[in-house]
Amino acid sequence: MIFHSHGYFLPGNNIFSFSKIQILMKKVLITLAVLGTATQIKAQTINDVLRYGSENIQGTARYQSMSGAFGALGGDLSALNNNPAGSAVFNNGMLTLSGTSYNTKNKTGYFGNRTAADASDFDLNQLGGVLVFHNNSNGSDWRKLSLAFNFERANNFENEFIASGISNNSVDRYFLSFADGIPLGDLGLFPDEHLGDAYLDIGSEYGFRTQQAFLGYYGGVFDPVSTGDNNTQYLSNVPEGTVNQYFLQSTTGYNNKFTVNMAGQYTDNFYIGASLNFHDVQYEKYTQLDEDGYASSAMEYIAFDNLLLTQGNAFSFAVGGIARVGEMVRVGLTYQSPTWYRLNDELSQRIETSNEDPRIAEVDFNYVNIFEDYKIHIPSKYTGSMAVVFGQQGLVSLDYSYQDMSNAKLKPASVEAYRAENDYISDNLQAVSTVRLGGEYRIKRFSLRGGYRYEQSPYDSDMIGDLNGYSFGLGYDFGATRIDAAFGQYMRDYKSQLYEQGLTDTADIDSKNTNVTLSLTFNL
């Protein structure tokens with residue numbers, strides 16, 4: 001089996017940084033080419049909702065080692081994710097810095113063939129601090145006030161999988177699904193028009209559908225039934241039968257979360273707090289499809305690459321409370337508002353085949369479609385928590401969260417494709433229950449920790465499986481400083497469609513994610 005790269009860059013950090021330079025060089029020209037009708041070009045899907053609707057357990061090592069079960073505990077900067085009242089549990093000011101090593105291993109099944117791929121990254125993923133102001137007035141029931149800030153990498157998008165096998169479906173189905181019904185005259189060139197410019201102009205004037213048909217036509221994937229401008233039917237140049245396919249998807253980027261928090265302690269038994277959360281999003285996805293092995297055909301190979309860049313921001317807020325029930329028991333309750341994302345996409349494409357018009361090589365990653373901003377509404381979340389604290393010896397903590405993902409929305413609602421996709425989201429996503437269990441045992445200055453995490457699939461089908469994870473860690477308190485280490489691992493199976501339409505075969509992916517985190521805390 002031979003796959004053709006034809007001078008294409010291999011995926012990884014180099015391709016993304018190189019492409020970004022090219023995109024910056026062309027952006028002024030390209031913005032003029034596509035701005036104004038971008039909402040007609042490409043619509044977002046349920047996959048965008050799921051990508052930004054989930055946050056992994058990140059943050060401090062102590063938080064990760066107990067699988068994030070901190071809703072009724074507080075006293076940790078990452079616990080602000082669970083309950084904003086948690087900063088009032090601190091008795092003094094603190095500053096914490098954390099670094100995490102990420103590793104993802106994917107085993108992919110595709111038409112009976114198994115392949116493996118992994119991705120690794122290291123980030124300074126958390127930095128935060130809290131200031132505590134004690135109230136020394138005897139006439140007030142407010143014991144103290146806390147002000148906190150925290151930066152956290154809510155999601156690391158570093159990932160990669162490979163789907164390789166012998167398929168009954170060619171990528172010609174992708175292009176034909178767009179071309180069907182498109183007049184041949186819409187795919188034509190003006191005299192002396194550069195084919196790359198025509199690619200952008202057609203996308204701007206007619207939309208993403210016609211643009212993809214344009215790629216397939218000049219790429220030689222299909223030919224028109226007749227040569228008249230009014231022809232709307234096309235025949236594939238790929239023969240019926242099996243085909244060798246190699247598909248790679250490589251992603252990188254982050255969803256950073258900045259939290260500003262205020263909380264207070266009322267009497268000895270109640271803590272209340274509120275947080276404002278600001279997100280910064282950068283997501284990059286590169287896909288590469290190589291095909292060959294056609295039976296008795298002039299078509300020898302097809303290579304089709306896409307590079308998607310997404311940038312944006314988001315906002316949410318949270319309010320919560322913690323109450324002491326007796327000497328040992330604490331309970332907590334949190335409301336997390338919807339998260340409102342505002343995002344922008346940039347898409348580059350290229351195609352090469354043995355049957356192409358030579359001018360199609362002009363369409364490369366220098367030519368970028370810049371789309372109008374769109375919004376994603378991620379539903380609110382409710383968390384209930386309980387913890388049992390055994391004095392200075394240790395504790396056990398349990399969190400339960402509920403979030404109805406069927407209420408997620410793509411906006412603006414005036415876009416017809418978004419209305420259809422929102423109906424699909426409502427019909428196919430469901431409420432998600434999450435359970436986190438953690439414990440800590442102290443031996444003088446040493447702390448031993450462990451945790452378990454379960455997260456229900458957001459799908460009511462088998463597209464995404466349930467998540468199961470575990471963690472453990474340890475810490476040592478020097479007095480003025482504390483050092484903590486954590487190891488966490490979670491597993492989830494899911495299916496990934498190669499493309500949104502046409503070639504919709506799915507790869508079955510068994511994913512295992514491992515985080516190793518080290519944190520250093522300073523008392524102020």
Ring centroids only, cut at 6.0 angstrom: are [X] and [Y] within range, meaning strictly under it?
X: Phe304; Y: Phe175; value: yes
X: Tyr234; Y: Phe222; value: yes
X: Tyr402; Y: Tyr382; value: no

Which label fits [X] and [Y]: parallel for a plane angle under 30°, tilted from 30 to 60°, or perpendicular past 60°?
X: Phe214; Y: Tyr218; answer: tilted
X: His194; Y: Tyr367; answer: parallel
X: Trp340; Y: Phe315; answer: parallel
X: Tyr470; Y: Phe487; answer: tilted
X: Tyr52; Y: Tyr341; answer: tilted

Is Asp493 close to Ile509 at the side-chain level, that is, under 4.5 Å between some pair of heavy atoms?
no
Any donor-acceptor pair under 3.5 Å from [X] side chain to [Y] backbone:
X: Asp357; Y: Arg359; answer: yes
X: Asn369; Y: Leu200; answer: no
X: Asp223; Y: Ser236; answer: no
X: Ser78; Y: Thr60; answer: yes

Pairing donors with acceptors under 3.5 angstrom, does anything connect the side chains of [X] and [Y]?
X: Thr287; Y: Gln249; answer: no
X: Gln233; Y: Asn231; answer: no
X: Asn103; Y: Asn513; answer: no

[atom1]/[X]: more than 12 non-hydrogen atoms of other groups inside 6.0 Å:
X: Asn230; atom1: CG; result: no
X: Gln501; atom1: CD; result: yes
X: Gln497; atom1: CD; result: yes

Pairs meeting criterion ring pair (Phe, Tyr, Trp, His ring centres under 6.0 Å) with involvement of residues 100-127, two or more places apart:
none
If I compare all heavy atoms of Ser67 with all of Leu437, which pair ends up nearest, and what's the gap?
CB-O, 4.1 Å
Which atom names give the shortest non-hydrogen contact between Gly181 and Arg209, and what distance separates them?
CA-NH2, 3.9 Å
Considering residues at least two apart in sequence or located in another chain, which fulfil the salt bridge (charged side-chain N to carboxylate O under 4.0 Å, His left out) criterion with Glu362?
none
Under the criterion salt bridge (charged side-chain N to carboxylate O under 4.0 Å, His left out), which of Lys107, Lys495, Arg114 is the partner of Asp510?
Arg114
Only one of Asn344, Thr310, Val415 forms a side-chain contact (heavy atoms from CB on, under 4.5 Å) with Tyr374, so which one is it?
Thr310
All ring-ring contact (aromatic ring centres under 6.0 Å, His included) counterparts of Phe161, not counting sequence neighbours:
none
